[in-house]
There are 2 protein chains.
Amino acid sequence: MLARMSPHAQTPDGTRPGRARGRIGRPRADGSAHDGDPRDEITAAASRLFSERGVAGTTMSEIARRSGLRQSSVYYYFRDKEAILAGIVASANRVVLDHLDAVNAHGGTAAERLYRMIRFDARQMCRFPFDINEIYRLPALQEDRFAQFWAERTALTHAVAAMVADGVAEGNLVDTDPTLASLVLLSNDEGTQNWFRAVGEFGQGAGAYDADRVAVFVADLGVGALLRDRAALPRLRERAQTLDP
Amino acid sequence: MLARMSPHAQTPDGTRPGRARGRIGRPRADGSAHDGDPRDEITAAASRLFSERGVAGTTMSEIARRSGLRQSSVYYYFRDKEAILAGIVASANRVVLDHLDAVNAHGGTAAERLYRMIRFDARQMCRFPFDINEIYRLPALQEDRFAQFWAERTALTHAVAAMVADGVAEGNLVDTDPTLASLVLLSNDEGTQNWFRAVGEFGQGAGAYDADRVAVFVADLGVGALLRDRAALPRLRERAQTLDP
DNA sequence: GCCGGGTTTCTACACCATGTCGAAATAGGC
DNA sequence: GCCTATTTCGACATGGTGTAGAAACCCGGC
């Protein structure tokens with residue numbers, strides 16, 4: 001005996017209730033109109049606030065206000081604050097995984113593919129509006145809500161580990177533990193977020209350290225450490241810059 | 001016109017009010033006795049709880065209960081939750097900075113000193129009961145309370161950057177940006193925390209990845225990337241293991 | 001035109017955590 | 001014994017989270 005239709009989470013058929021046709025339902029208190037799905041408005045507002053003040057520093061009232069709703073109305077669409085976050089975070093690895101597919105489809109030596117991945121990921125992290133490291137700290141991180149995020153994150157780790165193993169087999173990379181290497185390389189990318197924004201203090205000159213330069217540096221360091229012949233590094237760098245502008 | 005003696009923060013002369021002589025003051029509701037300074041009991045309890053559930057997941061009531069006090073009594077000693085944290089965190093860089101002094105006093109090539117620092121720091125991070133990355137996310141991080149933490153963190157960055165610059169000048173390290181290198185190396189150490197605890201999933205065999213092994217791997221990768229002649233790595237590794245067992 | 005069902009939003013509230021206030025309970029000095 | 005300083009407590013104001021149930025709207029049937 002269901003109390004009422006609860007549009008939380010995903011609907012089975014993929015269609016979402018909410019703003020399908022005309023604007024039925026009680027009008028908003030502030031009289032604001034809205035064309036799209038309120039879910040998208042909420043997500044967009046939350047996205048901006050999360051990146052400005054962090055997840056913990058953002059209140060549901062604030063999210064609601066920016067979405068033209070009252071605080072409690074947000075709960076009609078999302079069970080709680082973390083549910084909003086989960087929706088945003090689920091797409092965090094999307095871009096990098098798409099790039100992974102492109103890289104593997106394009107082929108090339110394992111070292112070349114690895115360099116492209118690391119550089120791309122580091123640049124992505126520098127540009128990512130959210131704080132990946134804050135997400136790692138959430139209490140409910142183990143729960144199903146973040147299942148997609150974790151599955152994709154693990155897939156990324158395995159893909160990078162496979163590239164390292166390939167490179168070792170090909171003879172271009174030094175003999176090393178692929179699992180450890182992939183963990184260190186990827187966590188290095190993520191760690192970049194911690195200091196990249198504050199790097200202005202250190203950088204000499206205007207825009208001395210931009211995302212591109214930092215990403216190249218991180219990739220040079222990480223892949224360079226694994227390359228058997230480090231003289232190959234400039235070629236990898238150029239190739240990556242050409243293929244992933 | 002001060003309302004009353006407020007034992008918050010540090011007292012000018014270094015002595016702390018509180019449990020100096022006999023046990024004066026109102027007795028505790030649960031009748032618990034206490035020998036040392038209540039500040040230490042609170043810090044110890046908070047320390048345990050923070051590492052178990054994170055800072056955000058720990059309530060003042062819980063801290064108070066484990067210290068034998070009521071929730072509001074904790075505020076007699078600490079202005080708020082972050083003040084407790086600040087006291088703990090202030091010592092986070094202590095051990096590493098002490099090690100830095102020892103390394104510099106002992107001397108050796110820049111590469112050797114650098115390797116010792118990175119390995120030691122990484123191991124320290126693996127063993128640190130707290131989550132450095134959670135601390136970075138705190139709203140009040142810019143405030144005076146964490147001034148000591150930041151000052152020491154910056155000192156560490158500068159020291160590592162100086163080692164890199166020395167190594168470049170000596171000709172043992174490849175020509176690179178010392179500032180960027182120090183930022184990446186240290187953030188790599190910190191990033192280790194993010195995956196080290198969960199690494200059991202990946203590790204084959206019992207204790208396959210312990211703090212020591214991970215620290216060596218991270219140092220090998222970071223310093224190895226900078227070494228002009230990577231054949232020197234095994235010697236650095238052995239030397240570090242001898243000097244910093 | 002009016003009624004009933006479904007949808008969206010609201011108001012009101014219960015709950016919990018934070019941090020403040022003033023008072024209560026002790027010890028020690030005069 | 002009284003006064004003062006110290007330590008702890010209980011009560012509370014405030015603000016955020018999430019729930020319950022009603023209100024306001026659209027639409028289709030009669």
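Quick note on labels: first sequence line is chain A, next is B, and so on, each numbered from 1.
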Provide, to the nearest angstrom, the distance between the CZ atom belonging to R28(A) and the P atom belonging to dT9(C). 5 Å
If we check side-chain contact (heavy atoms from CB on, under 4.5 Å) with N93(B), which of these qualifies: L97(B), V95(B), V89(B)? L97(B)
State, yes or no, whether a side-chain contact exists between D30(B) and L69(B) at a heavy-atom distance under 4.5 Å. no
How large an angle, rounded to 10°, do the end axes of the helix from dG1(C)-dC30(D) to dC30(C)-dG1(D) enclose when each is built from five base pairs? 40°
Figure out the CZ/P separation between R70(B) and dT8(D), and round it to whole Å. 12 Å
Taking only side-chain N and O atoms of S61(B), does any of them lie within less than 4.0 angstrom of OP1 or OP2 on dA17(C)? no
Sequence neighbours left out, what passes side-chain contact (heavy atoms from CB on, under 4.5 Å) with Q148(B)? Give chain and number order. A90(B), R94(B), E152(B)
Consider the side chain of T59(A), meaning its heavy atoms from C-beta on, and name the nucleotide among dC10(C), dT17(D), dT8(D) that approaches it most closely. dT17(D)
Is it true that R48(B) and E62(B) have a side-chain N and a carboxylate O under 4.0 angstrom from each other? no
Where is the tightest heavy-atom contact between I63(B) and A45(B), given as atom of each residue plus distance? O-CB, 4.1 Å
Does this structure show an ion pair linking R28(B) with E41(B), if we count only N-O contacts that are shorter than 4.0 Å? yes
How long is the line joining CE of M60(A) and C1' of dG16(D), in whole Å? 10 Å
In terms of side-chain heavy atoms of S72(B), which of dA22(D), dG10(D), dT8(D) is nearest? dG10(D)
Euclidean distance, atom CZ of residue R26(A) to atom P of dT7(C) [Å, nearest integer]: 18 Å
Nearest-Å distance for atom pair CD1/C1', residues I84(A) and dG18(D): 12 Å
If you find the nucleotide of DNA chain C closest to A56(B) and the one closest to P27(B), which residue's nucleotide is nearer the 5' end? A56(B)
For dT9(C) and Y77(A) - does any side-chain N or O of the residue sit under 4.0 Å from the phosphate oxygens OP1/OP2? yes
Rounded interatomic separation in angstrom, taking OH from Y76(B) and C1' from dA23(C): 15 Å
If a pair satisfies side-chain hydrogen bond (donor to acceptor under 3.5 Å, both in side chains) and one of its residues is in residues 120-130 of chain A, list it, with sequence neighbours excluded. R123(A)-D212(A)
For Q71(B) and dT8(D), give me the distance from atom CD to atom C1', rounded to whole Å. 13 Å
Specify the separation, in whole Å, of atom CZ of R39(B) and atom P of dT6(D). 12 Å
